[in-house]
Amino acid sequence: MKPPLASGHLNRRTALTALIGLPILAGSILPALGQAPASPAASLASWNESASKQAITDFVSRVTQKGGSDYVEPAERIAVFDNDGTLWTEHPMYVQLAFALDRVKTMAPMHPEWKNKQPFQAVLDGDMAALAASGERGMMELVMVTHAGMTSAEFAAIVSQWLATARHPRFKRPYIELVYQPMIELLGYLRANEFKTFIVSGGGVEFMRPWTNRVYGVPPEQVVGSSIKTRFEMRDGRPELYRLAQMNFIDDKAGKPVGINEYIGRRPIAAFGNSDGDLEMLQWTTMSGGARLGLIVHHTDAEREYAYDRNAAFGRLDKALDAAAANNWAVMDMKRDWKVIFPFELG
């Protein structure tokens, strides 16, 4: 499936500038998906025997062998994971962008003027090329309408309802079901070997924190992401956080090492990503001496998921793919290396 914005120029930073604060509720609407294995013996069951799997297990063996030259104390076993395209699907567009577009359509009856006003007209007409052409300014206008100007609780209720009803256009399943089973197993495998796992994503931190523990086993305090500014207010005698249409932090590209330093406080020894947005995180993690692991998830399976890299509108993998060979990072081939992709394939 061709990404709908492939003909435009909506890059990752533009999308993130507009779509970074999307909280959801992790209550009964989120099923327990792809639970991580309880013991190392059961780990990585969805991985075929491959160079990427061998790189993972060899690395873990080296850093956990007491007395070995590469031994790392458990407190320093920090592993960081991108989210979009690394732990769950990011095509045909980022999930947060799908929410914003749906929200515009829902609100349109209250705004008849949008039929002739960009970028809203582009959304209503399904003209993704025109939407991409609106650039960062157009995307920011969308976010002011759909994401800000309300309390966090009010926004969470809106998004919770969307999550309960929205379906992926190709798989016809809730977006939350489209996480990668092999990566869930990898998270569990690392934790079983006394690693502390973090998500470091360009996506909105409030979008991820409510459900990452349930789905990935990563608690909210171990999620680093982009954010918008919020303001504390007393409303009708109740304390609230009011969402402002102002950027606070973009956790993408060079922002990822900054976010890791500010929020984690330790340099990781393992990093997992899938796009050029993860390049600096991989460099920061692996180019510092000692035993280190960098791994790139390469989307090569158009039949079971999507195949894309250098020319992708979302999740472009170009510079980081070239850097992988130079830096001895593992490149995981989705088509070749994974027995299954999504938890629902397990039956």
Side-chain angles (χ1 to χ4, degrees), residues 1-12 15 33-34 44-53 55-56 81-99 101-102 126-129 131-132 166-186 201-203 215-216 272-279 282 294-325 329-347:
M1 180 182 294
K2 184 178 181 181
L5 297 184
S7 60
H9 301 283
L10 181 64
N11 60 32
R12 173 92 172 165
L33 299 172
L44 308 183
S46 297
W47 292 69
N48 288 315
E49 297 302 322
S50 63
S52 60
K53 180 180 179 180
I56 293 167
F81 289 76
D82 171 54
N83 185 46
D84 295 318
T86 299
L87 295 178
W88 75 345
T89 193
E90 64 184 353
H91 274 213
M93 66 179 70
Y94 301 129
V95 178
Q96 286 180 274
L97 178 56
F99 167 82
L101 301 187
D102 280 356
D127 189 346
M128 296 298 100
L131 178 61
R167 296 293 183 269
H168 188 276
R170 174 182 171 184
F171 296 105
K172 311 302 181 186
R173 289 178 175 270
Y175 287 98
I176 206 69
E177 291 186 10
L178 301 178
V179 296
Y180 301 139
Q181 176 65 25
M183 298 304 286
I184 293 175
E185 294 171 359
L186 176 56
S201 171
V215 176
Y216 300 139
F272 304 85
N274 79 293
S275 73
D276 286 355
D278 305 312
L279 175 60
L282 286 158
L295 184 142
I296 290 176
V297 175
H298 192 189
H299 293 259
T300 58
D301 198 327
E303 181 177 348
R304 293 188 297 172
E305 200 239 13
Y306 295 95
Y308 59 93
D309 43 41
R310 298 184 189 275
N311 297 314
F314 297 98
R316 177 173 295 175
L317 177 61
D318 185 19
K319 295 179 181 179
L321 189 59
D322 292 336
W329 299 335
V331 178
M332 192 287 304
D333 185 305
M334 185 176 285
K335 184 175 183 178
R336 181 189 63 208
D337 294 355
W338 285 356
K339 298 176 182 177
V340 301
I341 293 179
F342 302 119
F344 61 77
E345 295 177 52
L346 297 174

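Screening D309, N83, T86 for a side-chain hydrogen bond (donor to acceptor under 3.5 Å, both in side chains) with N274, the sole residue that qualifies is T86.
A donor and an acceptor atom, one from each side chain of S46 and Q181, are nowhere located under 3.5 Å apart.
With rounding to the nearest 0.5 angstrom, the CD atom of E305 is 6.0 Å from the CZ atom of F171. Considering CE of M183 and CZ of F81, their distance stands at 5.0 Å, rounded to 0.5 Å. Distance CE/M332 to CZ/F272: 11.0 Å, rounded to 0.5 Å.
Of the possible polar contacts, none joining the D322 side chain to the K319 backbone as a donor-acceptor pair under 3.5 Å is found. Side chain of H298 to main chain of K335: no donor-acceptor pair is present (N/O by atom type, distance under 3.5 Å, no hydrogens or angles). No side-chain donor-acceptor contact under 3.5 Å links D84 to the backbone of E90.
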Q: Begin with the C-alpha distance, continue with both residues' side-chain angles, and end with the deciding distance and a verdict on side chain to side chain contact (heavy atoms under 4.5 Å, CB included) for L282 and I296.
A: CA-CA 9 Å; L282 286 158; I296 290 176; 3.9 Å; yes

Q) Between Y180 and M334, does a side chain to side chain contact (heavy atoms under 4.5 Å, CB included) hold up when you go through it step by step? A) CA-CA 10 Å; Y180 301 139; M334 185 176 285; 4.3 Å; yes

Q.
Determine whether L186 and L44 satisfy the following criterion, side chain to side chain contact (heavy atoms under 4.5 Å, CB included), listing intermediate values before the conclusion.
A. CA-CA 6 Å; L186 176 56; L44 308 183; 4.2 Å; yes

Q: For side chain to side chain contact (heavy atoms under 4.5 Å, CB included), just list the numbers for V95 and L178, CA-CA rounded to whole Å, side-chain angles, deciding distance to a tenth of an Å, and then say yes or no.
A: CA-CA 11 Å; V95 178; L178 301 178; over 6 Å; no

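When all heavy atoms of Y306 and P92 are compared, the closest pair comes out as OH-CD, 3.7 Å. Annotation for A166 and Y175: closest pair CB-CE1, 4.0 Å, computed over non-hydrogen atoms. Residues V179 and I176 share a closest heavy-atom pair of CG1-O, 3.7 Å. The nearest pair of heavy atoms linking K53 to N48 is CD-O, 3.6 Å. Closest of all the heavy-atom pairs between L87 and D82 is CG-O, 3.4 Å.
Relative ring orientation between Y308 and H299 is described as parallel, the plane-to-plane angle staying below 30° on a 0-90° scale split at 30° and 60°.
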Side-chain polar contacts of residues 336-347 - donor-acceptor pairs under 3.5 angstrom, sequence neighbours left out - could you list them?
from: D337; atom 1: OD2; to: S52; atom 2: OG; distance (Å): 2.8
from: D337; atom 1: OD2; to: D333; atom 2: N; distance (Å): 3.1
from: K339; atom 1: NZ; to: A45; atom 2: O; distance (Å): 3.4
from: E345; atom 1: OE2; to: I341; atom 2: N; distance (Å): 3.0
from: E345; atom 1: OE2; to: F342; atom 2: N; distance (Å): 2.8

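In summary, R310 and D318 engage in a salt bridge, as defined by a charged side-chain N under 4.0 Å from a carboxylate O.
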